[in-house]
Amino acid sequence: MGAGPLRTHWLLLAVLVLTLTAALLVDGYTQHMFKINNDAAPHPPGASGAVPAQVSSGGPVIDSASVPARTLRPRPYHIALTFDDGPDPVWTPKILKVLRENHVHATFFVVGTQIAANPGLIRSIVADGNQVGIHTFTHPNLGAIPPWQRTVEMSEEQLVIAGAAGVTTSLLRPPYSSVNDAVDNPDWGAIRQAGRLGYLTVLTTQDSNDWHRPGIARIIDSATPGGSAGQVLLMHDGGGNRAQTVAALRTLLPRLKAHGFRVGTVSEAVGIANPMRPASTLDRWKGRALLWAVKGGDTALTFLTWAMYAAGALSVLRAAIVLWAAGRHRRKPARRGPGVSTPASIIVPAYNESAGIQAAVRSLVASDHPVEVIVVDDGSTDGTADMVEALGLPQVRVIRQRNAGKPAALNTGIAAASFDLLVMVDGDTVFEPDTVHKLVQPFADPRVGAVSGNAKVLNRRGLLGRWQHIEYVIGFNLDRRLFDLAECMPTVPGAVGAFRRDTLLRVGAVSDDTLAEDTDLTMAICRDGWRVVYEEGAVAWTEAPASLKALWRQRYRWCYGTLQAMWKHRRALVQGGPAGKLGRRGLIYLLVFQTLLPLLAPVVDIFAAYSLTFLSSTRVISVWLAFLLLQLIMGLYAFKLDEERPSPLWTLPLQQFVYRQLMYLVVFHSLFTAAAGIRLRWQSMERYGTLQIPASGQRTTEKV
C-alpha cells in the first residue's frame, strides 16, 4: 500500500477534528461565555478615583480620546431613544413597526451574537433610518475582562455589523453601564480603551426600567422626563419578554411629542455627525466570514447534540439487545440425543509460529476426542515445521508449502484431512482437553454447518491484556450469543471453529477475497442455508497482541477484512431465508454497532470536552458515569456467563481514555483504506511464547 493515501486520510481526520473543534470554540465563546441578563441593572460600583470629574458629572456621550476627556449632553427637549440587547426576532420587528407608525428613529445598541442569529433584522433597522451602536459581541462586563478581550469584543461586533448591514458605527454602549456617576475605575479603563479605538461611549440619563417588566404604566412613567432637559432614554428590544416595552412605546411616543419633545437617534439628540459609515469591501467580507463561522458553530453544536443522542441511544439499545439475548441463550434447552463421537481433523495454518507452535500442538493431541492434527507450514522461515516434526507425535502430520497466505494453507489442510468434521485453529492458540469434544457436539443437528467456540485471552497481564480480555468477554462472546439466537452468526473465529467438510466444499472452501477469511467463510455458509451456532463451553486460549502497535495491526486487518466481507455479501440484505437473516440482522448489526457507533465516538469525546469547558461539568460527568455503570452491568453479567472473575473490570474507566480511541481510529483507518481501494496483504502477528497447555478444569484467571 502507498504511504501517500494513508497520510492523506490522517490529514483529513485532523482537518475534520480541528474544524469541528474550532466551530465549537466559536459557539462556546459566543453562546456560553456570557449571557444577556439584567442588562440595565448597574453592578455595584467600585473605586472611582481615576475617573475624571468632568466625566462623572458630565454628559452621557463621552469622547475619551480627547485630552482632556469631554462629554456631550442631549439638547433641551431632545430625547435620544435607545434600545439594548437586540436584535430579537420577536420584539425588534414589533418595535420597528411602532417607530414607523410614529415617524420616529432610534439608536439600537446591538449584541453581536444576536446579529449573527438574526442578520436580516440589523438590515431592517438600518433600512428604516435608525442608527446602530455596538453593545459588544457576547455581552460581557467590559470593566471585568482584560484589554485584549475588550478589543476582540468590539472589533468582532463591528465586523458582524459590517457583514450583515454593510455599515460601521462609532457608538458604543458598554453592557451593564448606566449613568455617569456610576462609572468606576475598571469601567473608565474600558471607556478609555474604546476611545483609543475610535468609539464614543453612550451612557444613559433616564431608565425606563422595562428590564424589570414592572407594568406598562410604570414603564411610561419612568420613561417620561420631569422637565425640559434632554435625555438619553434606555429601553430594551432583546434580553427577554418585551411585550410591556412594545405596549408602553405605543403610548409613550405620542405623549412625548405632546410634551414638546423631539424623539430621535443619539446623533440627532446631541447634535453630532451621523456615526454610521459604509463599511469597506474587506470588512464586509470579513464580517460575512465571521457570521458564517458563528452559524457554523451553531450547526456543529446541533450536529454534535444529535450525534450524542444517537450514540447514547445506540449504546443503550445494544446493551438491552445483547443482555436480553444472552439471557435467552443461557436458558436454551440442552441439546439431547446421542453425542457426536466421530473423529475430527484439526487444521493448523502456521507461518513463523515457532514461539508457540509446540504448546499449541501438544494441547491439540491431548484432546479427549479422537483427532488428527494437520499443521500446514506456509513457507515459514523460523523452523516452525521442524519444531513440530521434532515432537514425534503420531497423530500429527506436517505439510510444507510455499508461502501463499492463510486461506491457501487452510485449503491445503481441508484437502488433506481424513475426517468429515474439521476444526480450524490458529497457531497461537491452545485448547483444553475437552474443547474439541464440546465443539463438535452441535453437529448432532444436521442443519448445523459450522460452530464457533469460545476464544479467551491467555496473556492478560497488564492494562492492554486486561482490556482485550474484557473486550473478548463483553464484546465478542455476548455478541455471539445474540448471533446464535438470531441465526445470523457473521464470524466463526480463526482461533476456534469447527465445520462440516461438505459445508466447506459447497461454498468453495476458504476464499482469499478478503483479509477476514473467517468472516467471509462464515457469511458464505450462512447464505448457503446452514445454521452457525455458538458453543461457549468449547474454550480456546489465544495469545493476544502485547503492544499497541501489534494490536493496531491486528484490529486494522480484522476491521478492514470485515468491511470487505460485508461488501462481498451485501446481496444478503435483499435475499430471503437464512441468507436474509444474515443480511437484515447480522450485516445491519455490524454496520450500526461496529462501524457507525465507533465513528460517533470521537464526536462524543469532542462534545464532552466542549461541555466541560462551556456547559455543566456535573452533567457531563453524570452521563459518563451512567454509561460506565451500563458497561459495568454488561461486564458483570458477561463475566458471570463465562465463569470469569470480575476483577479485571476495575480497568473499565481507564479503557475509555485509551482503548476506545484506538478502536475508533482503527475503524476510520479501515473505512478510508476501503474507500480508497487500497488492498492490504495478509499480515503475520507478533508471537511472545506465552502459550501453555491449560490443566484440565483450570481457569485462566488462576494461570495468569
* To do: Step by step, work out the side chain to side chain contact (heavy atoms under 4.5 Å, CB included) result for Thr542 and Asp426.
  => CA-CA 8 Å; Thr542 188; Asp426 289 337; 5.6 Å; no
* Where Gly583 and Leu573 come nearest, the two heavy atoms and their spacing -> O-CD2, 3.0 Å
* To do: Return yes if some donor-acceptor pair links the side-chain N/O of Arg481 with the main-chain N/O of Tyr534 below 3.5 Å, else return no.
  => no
* Asked: Side chains of Leu629 and Ile633: closer than 4.5 Å at any heavy-atom pair?
  -> yes
* With a 4.0 Å cut-off, would you call Lys406 and Asp518 a salt bridge? -> no
* **Straight-line distance of Ile414 CD1 to Asn411 CG, nearest 0.5 Å** => 5.0 Å
* To do: Evaluate side chain to side chain contact (heavy atoms under 4.5 Å, CB included) for Asp528 paired with Thr503, printing each intermediate quantity in order.
  => CA-CA 9 Å; Asp528 195 47; Thr503 302; 5.6 Å; no
* How about His469 and Phe639: are their ring centres within less than 6.0 Å of each other? -> yes
* Could you tell me whether the side chain of Ser345 and the main chain of Phe419 form a donor-acceptor pair under 3.5 Å? => yes
* Asked: Would a 4.5 Å heavy-atom cut-off, applied to side chains only, mark Leu599 and Leu671 as touching?
  -> yes
* Structure fact -> Here the gap from Leu551 atom CG to Arg553 atom CZ, rounded to the nearest 0.5 Å, amounts to 12.0 Å
* Within the side chain of Gln564, is there an N or O that forms a donor-acceptor pair under 3.5 Å with the backbone of Leu515? -> yes
* If you measure only the distance, is there a donor-acceptor pair under 3.5 Å linking the side chains of Gln631 and Gln656? -> yes
* Are the side chains of Glu353 and Met387 in touch, meaning some heavy atoms are under 4.5 Å apart? -> no
* What class does the angle between the rings of Tyr556 and His669 fall in, given that below 30° is parallel, 30 to 60° is tilted and above 60° is perpendicular? -> parallel
* Asked: Would you say Thr514's side chain and Ala516's backbone share a donor-acceptor pair under 3.5 angstrom?
  -> yes
* Straight-line distance of Leu521 CG to Phe499 CZ, nearest 0.5 Å -> 5.0 Å
* **Worked check of side chain to side chain contact (heavy atoms under 4.5 Å, CB included) between Glu389 and Val375** => CA-CA 10 Å; Glu389 290 175 339; Val375 177; over 6 Å; no
* Asked: Would Asn454 and Glu535 count as having a side-chain donor-acceptor pair, cut-off 3.5 Å?
  -> no
* Asked: Does Asp484 pair with Arg531 as a salt bridge, N-O distance under 4.0 Å?
  -> yes
* Hey, are the side chains of Gln395 and Val371 touching, using non-hydrogen atoms and a 4.5 Å cut-off? -> no
* Asked: Which word best sums up how the rings of Phe593 and Tyr589 line up, parallel for under 30°, tilted for 30 to 60°, or perpendicular for over 60°?
  -> tilted
* Is Tyr637 close to Ile474 at the side-chain level, that is, under 4.5 Å between some pair of heavy atoms? -> no
* To do: Search all heavy atoms of Val492 against all heavy atoms of Thr522 and return the closest pair with its distance.
  => N-OG1, 2.8 Å
* Structure fact -> Nearest heavy-atom contact between Val666 and Arg555 is CG1-O, 3.4 Å
* **Residue pair Asp605 / Tyr664, side-chain donor-acceptor N/O under 3.5 Å** => yes
* Answer yes or no: does atom CH2 of Trp624 have more than 12 heavy-atom neighbours from other residues, nucleotides or ligands under 6.0 Å? => yes
* Sequence neighbours excluded, every pair satisfying salt bridge (Lys or Arg N to Asp or Glu O under 4.0 Å) that has a member inside residues 367-377 -> Glu372-Arg397
* Examine distances only and state if a side-chain atom of Arg460 and a backbone atom of Pro648 form a donor-acceptor pair shorter than 3.5 Å. => no
* **Atom pair CD/CG of Gln655 and Leu628 - distance to nearest 0.5 Å** => 10.0 Å
* To do: Output the distance between atom CD (Glu543) and atom OG1 (Thr429), rounded to the nearest 0.5 Å.
  => 9.0 Å
* Asked: So, are Lys438 and Glu432 salt-bridged, with charged N and O less than 4.0 Å apart?
  -> no
* **Heavy-atom pair with the smallest gap, counting every atom of Phe431 and Val436** => CD2-CG2, 3.6 Å
* To do: Specify the closest pair of heavy atoms between Ala416 and Ile399, including all atoms of both residues, with the distance to one decimal.
  => CB-CD1, 3.6 Å
* **Check: Glu536 and Asn477 side chains under 4.5 Å, non-hydrogen atoms** => no
* Asked: Passes side chain to side chain contact (heavy atoms under 4.5 Å, CB included), Leu662 versus Trp552? Steps please.
  -> CA-CA 8 Å; Leu662 181 69; Trp552 176 276; 3.3 Å; yes
* Asked: Quick one: are Met424 and Glu517 in side-chain contact, heavy atoms under 4.5 Å?
  -> no
* Asked: Short question: side chain of Gln594, backbone of Leu591 - any donor-acceptor pair under 3.5 Å?
  -> no
* Least distance between heavy atoms, Val396 atom then Val361 atom -> CG2-CG1, 3.7 Å
* To do: Supply the atom-to-atom distance Asn352 CG to Thr384 OG1, rounded to the nearest 0.5 angstrom.
  => 5.5 Å
* Taking Arg585 for its side chain and Ala486 for its backbone only, find out whether a donor-acceptor pair lies under 3.5 Å. => yes
* Asked: Within the side chain of Asp642, is there an N or O that forms a donor-acceptor pair under 3.5 Å with the backbone of Val473?
  -> no
* Flag the pair Tyr659 / Thr651 as yes when at least one side-chain heavy-atom distance between them is below 4.5 Å, and no otherwise. => no
